[in-house]
Structures are given as structure tokens and as C-alpha cells.
Amino acid sequence: MKSIQSRLFLMLLIFIILPYFLTVFFIYGYTKKLVEQHELEVSRNQMEKASNELEQYFEDLVGLPYVTYRNPDLFRIFENGFQDSIYFNPITVKNSIETFYLMRKEIRQIRFYINKSKESFTVYNAMVSTRKAQPDLVKESSIKKLFHSHSMYLIEPPHPIENYNDAAIVPQSDNTVVLTIHHKVMDVLSNKFLGIITLDIDLKTYARLCNSLVQNEKESVLLVNSDNQVMYASDRHLIGKPVPSNLITSIQQTGVKMGKEIILSRSLSGPLRQWKLIKITPEQVIFHNVRQTAYINILVGIGVGFLGLIMIGIISYMITRPIKLLSRKVQSIEAGNMNVPFNDKGHDEIGHLEKHIKDMMNRINLHIAREYKLEIENRNNQLRALKSQVNPHFLFNALQTIGAVALRSHSPNVYGLITSLSKMMRYSIRANQWVLVREEVDYIKTYLSLQMERFRNEWTYTIHLDESILNLTIPSMTVQPLVENFFKHCYEEGFYDAHMNINGEIQGELLCLVVENNGPSMTSEELQILRKNIYTKPIEGSYSAEHIGLKNIHDRLVLNYGIKAGLEIDTNQGQGFIVRLMIPVESKFANHKLETI
């Protein structure tokens, strides 16, 4: 936003477009809240009406078997059975049973179980089946539960209709899903159990009551009993099954739950005590019209903003074009073109600037000409100083000459030491380059051979490296300072029988190089201080120069590989010192191709 044109666009955005869209969002939020309150109020009224109708409907169904107590012919059958009743009239009983069946059109099947004779018969399509002995009926789970409860009825979840007595009057092709109500028949005076009346009810009637809550195909409704089983659902696949786990939490409390879906839950009473009627409405259904209006306003705003951008673009082009031309001339000067032509004929602010810049450039060119001659003379002096320095190749050649003299003098050890020194000097020149792990190890071995010749004591070392890591690249002089520390802090301090071990391997995604010894150690307090010094950022705090080499290695690794790399130190349980170098294997630097020297 440094250019004038960019600032004009920013002003348009801040003072015109941004307030417009903020207003649109405010109106959208306010309207959304009003629509939400209205829809919730409507849904609550619908829920209350549907709940009352469901409670009344099931109150009628549950009370239907009480007709038996007012029909002497039917009640005597439950009291005395078919054979023992002296008032038994088959035609009258048959008519009474058929009349009972035809009382409600949603009744699909009725089963009468007579406890005294342990037999039952069914009524299907107004036809009465033959009686069938069923001595174990009361042992069925639902009947047993009703028998031992204080309730007079039990409502089972919907299920495909069953042929209770295997009667021929029920066709095999009938797979109607029905709701079953079991009702106990008791002797009012003696409280004696007389039998069971089972009603299979078609779902259509109370499904219509539930579906009256659904105003949109994306909405859904559920009727759930006290055992969290679906007694009815808009999604037919859920009927008769447990409530989906994602809805359990939502229906545990009566009220409203807001989110991507608005869930209204209402507890029922009467015969449906502890049942819940649930309505689920996707948020997008309620706020569809509100969003449509918001989208239209946004599109209008975009159109207004686009026209504004065109207007600002035209105005800004006329104003900023001379400024851009002057800016390009300045950039050309920055690129090194000191002979840029300036128009000093203008009489406005830009013309005034160009006139002064032209005068300034003339003075700068004069100054540069004078400084250029001084620079040439200074370069000549530096060249003469460089020629007086010792050429490193001359030093290498001189060492080779000395080595040749040593061979002619029959001193192969001297020749080997001179050769090792020459290799080390050549390697040291590459201090800021990338090398193979193999090359770093060869340099360390050369260094150790010189130290072996120097000290000639009983110190020992081992090097174990996996073949898989030898061709990986690392910064040069990464491991060598750790080996040098062995002689500085271990061998030269009197630990002549110390042992140094160097090993390396791939551990997961990291190349791990370890240098350890069994020489002097340090206390835990000293170790913590050393770690703090190593991991302190270069610009923070102060730290001892004694272990500056360890800090430099850690900083180089972090600089080249990132925070996954670094240096770790430990005391090997107080029996020496361990340094681990962790380098990411997949890093672009791990497979860095070495440049030819």
C-alpha cells in the first residue's frame, strides 16, 4: 500500500465497501435472529398440538381393551374359559369379537390369551382363528415384563406383523409394520390375572400425527420411547431400532439445541410417559430466505464496489501517472543508469521534483568520477599486497618436496606425517563447504594418526559407522571439533588411558553421530549450565568461551537443517561424556551434491 493508487483503493474499501458489507452482515444477523425466534415459536406450538393429539390417540388405544369388562360374553371367556362357561354362546362370542376388532380401522390383528385354559386365538381381517394351546406365552420377554409390572399395558416398538397362532387367516405376504400393545385382563374384585389382549396397530394414523410437524422434506421427526427406541421416524429405516448414537445426547433434555441442526424435544405424558417427540430441522431450511436476501445484497455491493474501482482507477491513473514515471526513473538510477533524462520543464510539483533530481544527479556523477579514480588506486594497492602473500599451493608443493626428501633419507614415518599434515591443510581450506561423511571420517583418522605419533601413550579409539551413511553430506568440520575436545579436556588433563568411541547410524528420520569417551565427567549442575549455554540464542545472554565449539556446532546444524537438528550432551551416568549430533536425513542438505573444487 505504498503507492498513491493503492491508497486510493484502500480508502474506497474502508469508507464505502467495508461499511456497506458490515451493514449487510448486521441486517442478516438481526433478521436471522428474528426468523429463528419466529420459527421456534411456530415449531413449539406445532409440537404442543401434535403432543396432545398423540397422547389422546394412545389414551384411546390403551383404553380400548377395557371394553372387555363391559361385554359379559367376552369377560366370561377370560374368567371360565370356553368349555366351562355355562353362558357360552359361540355365535354371540364370535360377533362380540368381530365387533371389538372393527372398533378401530387401524387394528390389523388381535390376540386373546385365556390364562385359565392356557390357550389363545387371533382375529385378522375380522376372521377368528381356531384356538391354540400356548402354555409358555407368559414366559415371553414382553409378556413376562408386563405380567410382573404394576402397569396394565405395555407398548412394544414397531415390528413386522407376526402370525401368532400360525393361523391360515394371516397371509404370508403380509409384512405390515405394526405397533403392538399388550393389555392385562384382571379380575377387578380379586385382582386375579385372567389373560392378555394383544393389539397390532397400523402405524399410519399416529404417523400422520407425527408427520404434521414436518413442513419441509429436509426436516425429520422422531417418536422415542423411554428405552430410547424409535417408535416412529420420518426415515423408515430407523423405526423399531435404537436411537442413533449421535442423537442420544440431544434428546436427553427437553428443550432446544442449536447448531447445524435445530433439535426440539418435548416429553410426553399420559400413556406415553417418558416418551419424547423430537423435531429436527436443518439450519439451512429455516434461514434459506434470509440467506437469499443477503446474497442478493452482497451481489449488489460487489457491483457497486466494481463500479467504484473503475472510477477510482481512472482518477488515480490521471493523478499517479506522472508520479509512476518519476518512480521508474529513480528505480533506473538504483539499477546503475546514471544518465536518466529528466523533464525539468514542468511547473507543477512533479516538474519541480524532476528539476531538483536532475541537479542532484549531476553532482553525484561528479562525485562518483572522483571516487572511482581513488578506488582504482586502492585496488592496485590491494593487488600488490596479495602478491606478497604465500600461495597455499606453493606450501603444499613444498611439503611434498620435504616428503620426497624424507623418503630419500629412508624416513617413511616422516613422509607419512608430512602427507597427513598436507591432507589436513587441504581439508581445512574447505571449512565452509559440504563434505561426505566418509571425507569427514578420513580427516579425523588423519588427525588421530598425527596425535598417535605425538603422544605415543596407551589411549585408544574406535570408529563404527554404518555403510549407509558414508555417502551422506554434512557441513565440514562438524565432528572434528568433538574429537579435538577429547585431547583438550580428557587426554591433556591426565586421563592417559581414556578411550574414545565414534559411531553413527540412521535412527528413524535422523542421522545420529555420537562421540563419547570414558574420561572426566561433570556434575548435574555443571551439565545443566552447559546445556543452557549451548541452547541460548546468539543474541541472548552471555556464555563461557570454554565450550564455544559445542555451541558453534549446534548453531550451524540448526541454521542448515532447522529445529529438528542439533546437538545433545550427556555424562553417560557420570562415567565420561557423550555428544550426539542429530541431522534430518530427508533434508535437502543431507543429499546435497558436492561442488567440484
Side-chain angles (χ1 to χ4, degrees), residues 424 426-445 447 463-486 488-489 500-517 521-522 524-573 576-597:
M424 290 183 63
R426 288 183 182 272
Y427 188 87
S428 299
I429 295 175
R430 305 169 61 186
N432 293 323
Q433 298 185 13
W434 293 82
V435 298
L436 297 176
V437 174
R438 185 192 311 277
E439 294 173 334
E440 181 81 356
V441 173
D442 290 342
Y443 174 78
I444 292 172
K445 290 179 179 179
Y447 173 80
I463 299 177
H464 296 287
L465 298 174
D466 286 352
E467 289 291 330
S468 60
I469 70 172
L470 294 180
N471 290 325
L472 296 179
T473 57
I474 59 175
S476 65
M477 307 297 285
T478 299
V479 184
Q480 192 276 339
L482 304 178
V483 178
E484 187 173 343
N485 279 351
F486 170 78
K488 180 178 179 181
H489 299 289
M500 179 179 64
N501 180 45
I502 303 174
N503 58 73
E505 60 181 357
I506 300 294
Q507 294 182 359
E509 297 180 356
L510 297 175
L511 165 61
C512 182
L513 298 172
V514 181
V515 179
E516 59 181 337
N517 65 74
S521 186
M522 57 178 60
S524 59
E525 291 79 11
E526 293 173 337
L527 181 63
Q528 291 301 323
I529 293 173
L530 178 57
R531 286 173 174 167
K532 182 179 179 181
N533 291 338
I534 290 174
Y535 300 136
T536 301
K537 295 181 179 180
I539 62 174
E540 297 178 359
S542 60
Y543 40 85
S544 172
E546 183 179 1
H547 296 285
I548 192 66
L550 295 177
K551 178 169 180 56
N552 286 339
I553 293 173
H554 175 75
D555 290 344
R556 287 178 65 199
L557 292 178
V558 173
L559 179 63
N560 286 307
Y561 296 99
I563 60 175
K564 291 186 178 180
L567 177 144
E568 297 178 357
I569 58 174
D570 203 350
T571 60
N572 199 12
Q573 299 181 353
F577 199 75
I578 300 177
V579 181
R580 297 184 181 88
L581 303 179
M582 314 302 292
I583 300 174
V585 177
E586 296 300 328
S587 172
K588 63 180 180 179
F589 298 109
N591 298 312
H592 182 76
K593 293 184 179 180
L594 296 175
E595 296 178 357
T596 303
I597 300 177

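Side chains are part of it too, since the values below use all heavy atoms of this structure and drop only hydrogens, waters and symmetry mates. For clarity, every value in this text was computed on a predicted model and none was experimentally measured.
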Just wondering, do Leu581 and Cys512 contact through their side chains at under 4.5 Å, heavy atoms? no
Roughly how far, to the nearest 0.5 Å, is the CG atom of Asn503 from the CG atom of Leu513? 8.5 Å
Using the side chain to side chain contact (heavy atoms under 4.5 Å, CB included) rule, take Thr473 and Val437 through it: C-alpha gap first, then chi angles, then the decisive distance, then the call. CA-CA 6 Å; Thr473 57; Val437 174; over 6 Å; no
Can you sort out the partners of Gln528 under side-chain contact (heavy atoms from CB on, under 4.5 Å), two or more places apart, ordered by chain and number? Arg531
Would you indicate whether the side-chain heavy atoms of Ile569 and Ile578 approach each other to under 4.5 Å? no
Sequence neighbours excluded, the answer for side-chain contact (heavy atoms from CB on, under 4.5 Å) partners of Ser521 is Thr571
Partners meeting side chain to side chain donor-acceptor pair (under 3.5 Å) with Arg580 (sequence neighbours left out): none
Report the C-alpha separation of Leu567 and Ile534 in whole Å, then their side-chain angles, then the decisive distance to 0.1 Å, and conclude whether the side chain to side chain contact (heavy atoms under 4.5 Å, CB included) test is met. CA-CA 9 Å; Leu567 177 144; Ile534 290 174; 4.1 Å; yes
Who pairs with Asn501 by side chain to side chain donor-acceptor pair (under 3.5 Å), at least two apart in sequence or on another chain? Thr462, Glu516
Test item: Trp434 and Pro475 side chains (from C-beta on) under 4.5 Å apart, heavy atoms: yes
For side chain to side chain contact (heavy atoms under 4.5 Å, CB included), just list the numbers for Met582 and Tyr561, CA-CA rounded to whole Å, side-chain angles, deciding distance to a tenth of an Å, and then say yes or no. CA-CA 10 Å; Met582 314 302 292; Tyr561 296 99; over 6 Å; no
Counterpart residues, side chain to side chain donor-acceptor pair (under 3.5 Å), relative to Glu509 (two or more places apart): none
Distance col, row Gln480:CD vs Tyr447:OH, nearest 0.5 angstrom, shows 6.0 Å
Hey, does Thr478 have a side-chain heavy atom less than 4.5 Å from the side chain of Ile553? yes
Taking C-beta and beyond as the side chain, do Leu550 and Asn485 meet within less than 4.5 Å on heavy atoms? yes
Those residues that, when tested against Ile502, pass side-chain contact (heavy atoms from CB on, under 4.5 Å) (two or more places apart): Ile444, Ile463, Val483, Met500, Val515
Considering only heavy atoms from C-beta outward, does the side chain of Leu472 approach that of Ile469 to under 4.5 Å? yes
Between Tyr535 and Glu568, which heavy-atom pair has the shortest distance, and what is it? OH-CA, 3.6 Å
Is there a side-chain contact between Met522 and Phe577, using heavy atoms and a 4.5 Å cut-off? yes
Could you tell me whether a side-chain N or O of Glu440 sits under 3.5 Å from a main-chain N or O of Met477, the two making a donor and an acceptor? yes
The side-chain contact (heavy atoms from CB on, under 4.5 Å) partners of Ile529 (sequence neighbours excluded) come to Asn533
Lys/Arg-Asp/Glu bridge criterion (N-O < 4.0 Å) met for Asp442, Arg438: no
